[in-house]
Amino acid sequence: MLLDSLIDKATRDDRSTVAIAAADTAEVIEAVIDALIRNLAEFILFGDKEKITSLIKLQKPELLNNHKLKIIHTDSVGDAAKSAVQSVSNKQANVLMKGNIPTNILLKAVLDKEYGLRTGNVLSHIAFFEIPGFNQLLLVTDAAMNIAPDLVQKAQILRNAVTLAKSVGIEFPKVAVIAAVEAVNPNMQATLDAAALTMMNKRGQISECIVDGPLGLDNAISDIAAEHKGIKSDVAGKADILLVPTIEVGNVLYKSLIYFAQAKVGALLAGASAPIVLTSRADSAESKLYSLALALCCVKK
Ligand SMILES: CCCC(=O)SCCNC(=O)CCNC(=O)[C@H](O)C(C)(C)COP(=O)(O)OP(=O)(O)OC[C@H]1O[C@@H](n2cnc3c(N)ncnc32)[C@H](O)[C@@H]1OP(=O)(O)O
């Protein structure tokens, strides 16, 4: 399965409404226009109304009268985040999307106790990569929300990724828990957590997937590398999901895949009461469209 198939899957159902916090950039508007043309969803755009209107006028002026598009003016990014999150919590919209706004401002609104989208679950970021020369989607978690997750949080991050993988048709995913080495080293917390997660999977505490770790990135994705080290594993060389130890590892991997390997990406936050599209502000319109399609595939109706 590749990222275009997510758009096909999402196109079959156009009953969703997406609230975008700070929709005032060309890439966001381009993704919205593309989604409207494909009948993927309806949109409520929060942000600087004048700027949003002029961006739409530049790209597709006739869409300004489209009943599937509403623009609501807000005075600051903080207000845009709050209003967009509120529109999801009061069910006017069922997907939240990050626009031209710093990630932590949006996440603080999402976590707000009064109007946010908490469920009691850990919220986590999952990115789906289509990498040239690599013939399957590769999921990476968590590159954007949890800074230095502990074992309990990692277990939940892993479950969120497995649930999301299943919802787009990746049944029983293989999960590699990434560290710098394959042997457990008591001085490297990532290896201890990886070994514990592997055992939790063997004992049924983490189900519907196969977990193995610690694994280096090379052994997780390359049979040849795994063979060189004599690693015998159902996951090594065939991982569908990479669970990384910290946000820095995930974020650098995310941006390396895009900038060095020309990978395409779709990404979202899971674990909240609605899917949240969360890409980097610098990501392309195409990546925002893939992320949107991914979120629409996960909406609970
Ligand atoms: C990959 C492309 C996009 C990017 O590059 S993104 C760039 C990098 N990402 C970021 O800068 C965001 C990194 N994360 C953060 O800044 C913070 O963790 C975040 C999400 C803003 C939360 O920070 P604070 O508001 O300071 O939160 P805190 O730790 O004091 O906790 C406040 C309450 O929220 C809860 N919380 C925090 N993270 C959570 C999570 N993942 N899932 C569920 N609940 C969570 C936390 O338990 C606490 O709850 P309570 O108030 O004790 O009830």
Side-chain angles (χ1 to χ4, degrees), residues 3 20-23 25 27-28 31 77-78 80-82 84-85 88-89 95-131 137-164 178 193 241-292 294-295 298:
L3 287 170
I20 307 189
T25 63
E27 290 77 16
V28 169
V77 284
K82 182 174 178 183
V85 169
V88 177
S89 49
V95 172
L96 176 69
M97 179 166 173
K98 175 189 157 184
N100 186 21
I101 183 173
T103 301
N104 62 340
I105 295 187
L106 184 67
L107 294 183
K108 278 178 191 286
V110 167
L111 291 171
D112 188 276
K113 281 196 174 119
E114 211 184 296
Y115 59 80
L117 308 176
R118 289 181 184 220
T119 56
N121 201 342
V122 170
L123 275 65
S124 57
H125 182 263
I126 301 127
F128 284 57
F129 287 99
E130 183 180 318
I131 306 161
L137 286 181
L138 186 67
L139 280 63
V140 175
T141 188
D142 175 333
M145 177 142 196
N146 292 279
I147 295 173
D150 61 17
L151 177 62
V152 174
Q153 290 165 328
K154 283 180 184 171
Q156 192 57 54
I157 291 169
L158 199 163
R159 291 188 187 100
N160 284 348
V162 170
T163 304
L164 187 55
I178 300 299
D193 289 351
I241 300 176
L242 306 180
L243 174 67
V244 297
T246 64
I247 194 170
E248 287 81 9
V249 175
N251 208 275
V252 170
L253 180 57
Y254 180 107
K255 288 166 185 166
S256 301
L257 286 171
I258 292 174
Y259 286 91
F260 292 141
Q262 283 72 49
K264 296 178 180 182
V265 66
L268 55 70
L269 277 190
S273 57
I276 301 171
V277 176
L278 203 150
T279 51
S280 171
R281 275 176 286 174
D283 283 346
S284 64
E286 184 188 45
S287 144
K288 292 184 199 307
L289 184 68
Y290 286 136
S291 305
L292 198 49
L294 186 56
C298 301

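Remember, it's 1-based here, ligands and their atoms both numbered in the order they're listed.
- Of the possible donor and acceptor atoms, one in the side chain of Lys98 sits under 3.5 Å from a partner among the backbone N and O of Thr279.
- How far CG of Leu96 is from CG of Leu268: 11.0 Å, rounded to the nearest 0.5 Å.
- When Asn104, Leu269, Leu278, Ile276 are each tested for a side-chain contact (heavy atoms from CB on, under 4.5 Å) with Met145, only one passes: Leu269.
- With hydrogens and angles left out, the side-chain atoms of Asp283 and Tyr254 include a donor and acceptor closer than 3.5 Å.
- A salt bridge links Lys264 with Glu286: the distance from a Lys NZ or Arg NE/NH1/NH2 to an Asp or Glu carboxylate oxygen falls below 4.0 Å.
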What does the contact table look like for ligand 1 (nitrogen or oxygen on each side, cut-off under 3.5 Å)?
{"residue": "ligand 1", "atom": "5 (O)", "partner": "Asn251", "partner atom": "ND2", "Å": "3.1"}
{"residue": "ligand 1", "atom": "5 (O)", "partner": "Lys255", "partner atom": "NZ", "Å": "3.1"}
{"residue": "ligand 1", "atom": "9 (N)", "partner": "Ala144", "partner atom": "O", "Å": "2.9"}
{"residue": "ligand 1", "atom": "14 (N)", "partner": "Met145", "partner atom": "O", "Å": "3.0"}
{"residue": "ligand 1", "atom": "25 (O)", "partner": "Lys108", "partner atom": "NZ", "Å": "3.1"}
{"residue": "ligand 1", "atom": "26 (O)", "partner": "Lys108", "partner atom": "NZ", "Å": "3.4"}
{"residue": "ligand 1", "atom": "34 (O)", "partner": "Arg118", "partner atom": "NH2", "Å": "3.2"}
{"residue": "ligand 1", "atom": "41 (N)", "partner": "Leu123", "partner atom": "O", "Å": "3.0"}
{"residue": "ligand 1", "atom": "41 (N)", "partner": "Asn146", "partner atom": "OD1", "Å": "2.9"}
{"residue": "ligand 1", "atom": "42 (N)", "partner": "Leu123", "partner atom": "N", "Å": "2.8"}
{"residue": "ligand 1", "atom": "49 (O)", "partner": "Arg118", "partner atom": "NH1", "Å": "3.4"}
{"residue": "ligand 1", "atom": "49 (O)", "partner": "Arg118", "partner atom": "NH2", "Å": "3.2"}
{"residue": "ligand 1", "atom": "51 (O)", "partner": "Lys113", "partner atom": "NZ", "Å": "2.9"}
{"residue": "ligand 1", "atom": "53 (O)", "partner": "Lys113", "partner atom": "NZ", "Å": "3.4"}
{"residue": "ligand 1", "atom": "53 (O)", "partner": "Arg118", "partner atom": "NH1", "Å": "3.1"}

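- Qualifying side-chain hydrogen bond (donor to acceptor under 3.5 Å, both in side chains) partners for Gln156, counting only residues two or more places apart in sequence or in other chains: Asn121, Asn160.
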